[in-house]
Amino acid sequence: MLDQTHSHAGYLDCILARYKHNTHHLLQMLREAQEHYGYIHSSAVDYMAQQLKLTRSHIEGVASFYSLLYLQPQGDYRVLFSDNITDRMLGNVSLMESMCNALQVKAGKISEDGLVSIDTTSCTGMCDQGPAILVNNIAINHLSQARVAAICELIRERVPLSDWPPAFFDITDNIRKKDILLGSDFKSGSALTKALQRSPLQMLQEVKTSRLRGRGGAGFSTGSKWEFCRSASGEAHYVVCNADEGEPGTFKDRVLLTSYADMVFEGMTICAHVIGAKKGFLYLRGEYRYLLEHLQTVLDRRRQQSLLGNKILGEPDFDFDIEIHLGAGAYICGEESALIESLEGKRGTPRNRPPFPVTSGYLNEPTVVNNVETFASISLIGLHGGAWYAAIGTDTSSGTKILSVSGDCARPGLYEYPFGVTVAQVLADCGAENTQAVQISGPSGICIAAGEFERRISFDDLPTAGAFMVFDTRRDMFEVARNFVHFFKHESCGFCTPCRVGTSLLANMMDKLAQGHGSPYDFAEIEKLNTLLLSTSHCGLGHSACNPVLDTIAKFRPAYDRHLTHKTFVPAFDLDHALSEARQMTGRNDAGAYLERIHVQK
Amino acid sequence: MSKNKETPTFLLDGKPIPFTEGQTIIQAAMAARVYIPHLCFNPEFKPHGSCKICTVSANGRQTASCTQQAQAGMVVESNTAQRNDERRALLQMLFVEGNHFCPSCEKSGDCQLQATAYEMKMMSSHFGHFFPDRPVDASHAEYLLDFNRCILCSLCVRASSDIDGKHIFSLAGRGIKTHLIVNAISGKLADTSFSGEDKAAHVCPVGVIIKKRVGFSVPIGQRSFDEHPISYTPHPVVKDI
């Protein structure tokens, strides 16, 4: 045991030293330990516990919360298939089957030689170029049978990931329609220079004048948020950029961080000047691990340009820097208080609110948490002023919104529009035909049917974090809802009873319907579950978990009716099915072993 | 001004409840000897707010009464058909999530989950049972851990860290796979410094942390909730064995 601990000490010492043994960086240290060793070995947990003066159960508790961290050995090549409905529509199920067959491994298991493990994961943010996978947490898109065959060959030959064809790792921005943000010819430092010509209060006033609202979907006034935070007392103030873009169907932050990172970091820096922060964090979802080096390079350059660090642009009292924290596969960390818990190196469980992060956020100090797109928009407001920005869009929703368009359309990708654009316009622009439904703002948003396509993208009609998934008439909307419900079950943090158990119950009900055991009774049950989750859940995940089902029942009832073979109640428990395993084991095929129908043994 | 006028109050099911600054709804209710059903709350510990059994409507908005601070003039509804229907459904969820076989459980009659279910007139588990596979830990000489009954209230986690200073228990996993773990390489209670003297040995509201060899020393029929329903006191007083 001692020897094993020592072999882990070698790499762990470097990692722990780099993070100064600060337990708030536990998640980062665990992630790096895994990148080095392949998984987090039990002895590594012990060594970290001893060095960080934490208990091993605490470390296990944190590591086991994040689905991209492993406390057990994994295959040398860990393949995870993104399992959003858009990946399904592009055929990820048969691609995964092919890979499992070719490499002789079962989904969810490790091959006997320890070479490879294959499983599914929640949407990886590549819906415009799926089907997508992660290999050892690095993204590969545009999967086809040919590419699967090539990957299997590389894995069999044990070719290191760094030597795989670079084309596999190509990720394109797919910007289809530009407006003020995506079309801006932004020069790093230009917005900050203008912002610093104003006092922090004057800049705050510009943000309020712009009527900018949070782009994460909830739409809280950015100016008010900053004002609350600025006026809250504390030892320090913090700026956090929420880049945990986990809502299935959303990928705009990926592109903003790839090609507009300066605008994002500059927006954060302007915020720091307004609220008086010296430290900021970019919380980047683990699925975007491939962006880390690029973003570090941008930050380094900005430090050299005096846009970060001490005495920014010569301002004597303006010190600010940004650190990047990576998530590790937990959708719930997109909820701002869960994100802060995760930033502090803990399990990503949403906090009890109030207090809200503006008064008690990171390390219980006043903290602004804003979306990537919100900060990028701040750069535009810094540059052109609040009145200019407020003139774009609608009365309730100023500025533009970037939509992540995917699904059944000719041109998936990013589309930026002034607020107020109709769904029909977006559908026409992206080349969608025979559209029966659009899922706005992902599974937690709303599903609209053909009669509603004149509705508008805005906070008072269709608010959205950006996801815009298109479904044409070939698609079974019941299966769409079932996919989303399983997503919520997978991503529930497990803290509160209603969401932890309710999301599983809901998934079970949808599976029951899919298996043909449903009846109208089950619809009433789903309604009841929705009321309970809305009333008692701890956070928005539980509140919205039933939305996809309720929307599709209301608007696409025939899709459900196809699965209803019974008019009255049918129990979920299927005696015939439950006995089938025992029959197989005992080899019984006589009449006495059968209850309803004759099974033909394979 | 008389002292009485300075004490702020809120209305709980129509009854004025005095409170002091910073008190939560359930804390003030308990001080006024009013029962609000709860499981993960224990007045000796910092509120957790996870079981949601204590959810009330405060000024028309549902909130966990163990974490919501009382405010002057607040109108709180707790003992209503709607709130109790929700509580029953949450209890049913807890029953199907784990493996709760009351007739064979040593804790029967002293179990807050069972007693609260009786209080809320729960007649069946309603939902389909999950029947999870949760091995017991009988490694410790004096105590048994039966994880089948765990409702993830985290009271043992809080007791062991905040009072015993031992940090023996933690929550691990996520979602429906969330589970209690023990701080040892083996994962076994015998390999920790756990003892019967610990606060953590006496806070489990259900039957996870069980003292061995005394399970039925108090006969069924003479147990805490056989004598009085759980609502008899604002926080249950359970006979400790």
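Just so it is clear, the model here is predicted, and its values are computed rather than measured. Below, read A as the first sequence line, B as the second, and so on, with proteins coming before strands; counting in each chain starts at 1.
Comparing Val182(B), Leu171(B), Val157(B), Thr178(B) by heavy-atom pairs within less than 4.5 Å of chain A, the highest count is held by Leu171(B). Between chain A and the residues His126(B), Gln69(B), Arg61(B), Gln82(B), the largest count of heavy-atom pairs under 4.5 Å involves His126(B). Of the listed residues (Ser42(A), Cys499(A), Pro354(A), Ser67(A)), the one with the most heavy-atom contacts under 4.5 Å to chain B is Ser67(A). Of the listed residues (Gly175(B), Gly49(B), Ser154(B)), the greatest number of heavy-atom pairs within a distance under 4.5 Å of chain A belongs to Gly175(B). Note on Cys40(B), Gly128(B), Pro47(B), Gly173(B): by heavy-atom pairs under 4.5 Å with chain A, the leading option is Gly173(B). With respect to chain A, the highest number of heavy-atom pairs below 4.5 Å among Ala172(B), Ser170(B), Gly187(B), Ser50(B) belongs to Ser50(B).
Residues Lys528(A) and Asp85(B) have side chains not in contact (no heavy-atom distance under 4.5 Å, counting atoms from C-beta outward). Counting heavy atoms from C-beta on, the side chains of Phe95(B) and Val501(A) never come closer than 4.5 Å.
Heavy atoms of Ala184(B) lying under 4.5 Å from chain A belong exclusively to its backbone. At a 4.5 Å heavy-atom cutoff, Leu541(A) makes no contact with chain B through either its backbone or its side chain. No part of Arg353(A) comes within reach of chain B, as not one of its non-hydrogen atoms sits under 4.5 angstrom from that chain. Residue contact with chain A, scored on non-hydrogen atoms closer than 4.5 Å, involves the side chain of Arg83(B) exclusively. Residue Glu525(A) touches chain B through its side chain alone, counting heavy-atom pairs closer than 4.5 Å. Leu529(A) touches chain B through its side chain: at least one heavy atom from C-beta onward sits under 4.5 Å away, while N, CA, C and O do not. Contacts of Glu86(B) with chain A are made by both backbone and side-chain atoms, with heavy-atom separations under 4.5 Å. The contact between Ala330(A) and chain B is made by backbone and side chain atoms together, counting heavy-atom distances below 4.5 Å. In this structure, the portions of Leu90(B) lying under 4.5 Å from any heavy atom of chain A include both its backbone and its side chain. Contacts of Ile53(B) with chain A are absent, with no heavy-atom separation under 4.5 Å from either backbone or side chain.
At most 12 heavy atoms of other shown residues, nucleotides or ligands fall within 6.0 angstrom of atom OH in Tyr118(B).
With values rounded to the nearest 0.5 angstrom, Arg88(B) atom CZ is found 11.5 Å from Leu532(A) atom CG. Remark: Lys177(B) NZ to Ser492(A) OG distance equals 12.0 Å, nearest 0.5 Å. Rounding to the nearest 0.5 Å places OG of Ser535(A) at 10.5 Å from NZ of Lys52(B). Separation of atoms CG (Asn352(A)) and OG1 (Thr63(B)) is listed at 8.5 Å; rounding is to 0.5 Å. Atoms OG1 and CZ, from Thr55(A) and Phe169(B) in turn, are 12.0 Å apart once rounded to the nearest 0.5 Å. Taken to the nearest 0.5 Å, the OG1 atom of Thr67(B) stands 14.5 Å off from the CZ atom of Arg351(A).
A donor-acceptor contact shorter than 3.5 Å is absent between the side chain of Arg500(A) and the backbone of Arg174(B).
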Could you walk me through whether Ile181(B) and Arg56(A) pass the side chain to side chain contact (heavy atoms under 4.5 Å, CB included) test, one step at a time?
-> CA-CA 10 Å; Ile181(B) 59 168; Arg56(A) 63 169 287 130; over 6 Å; no
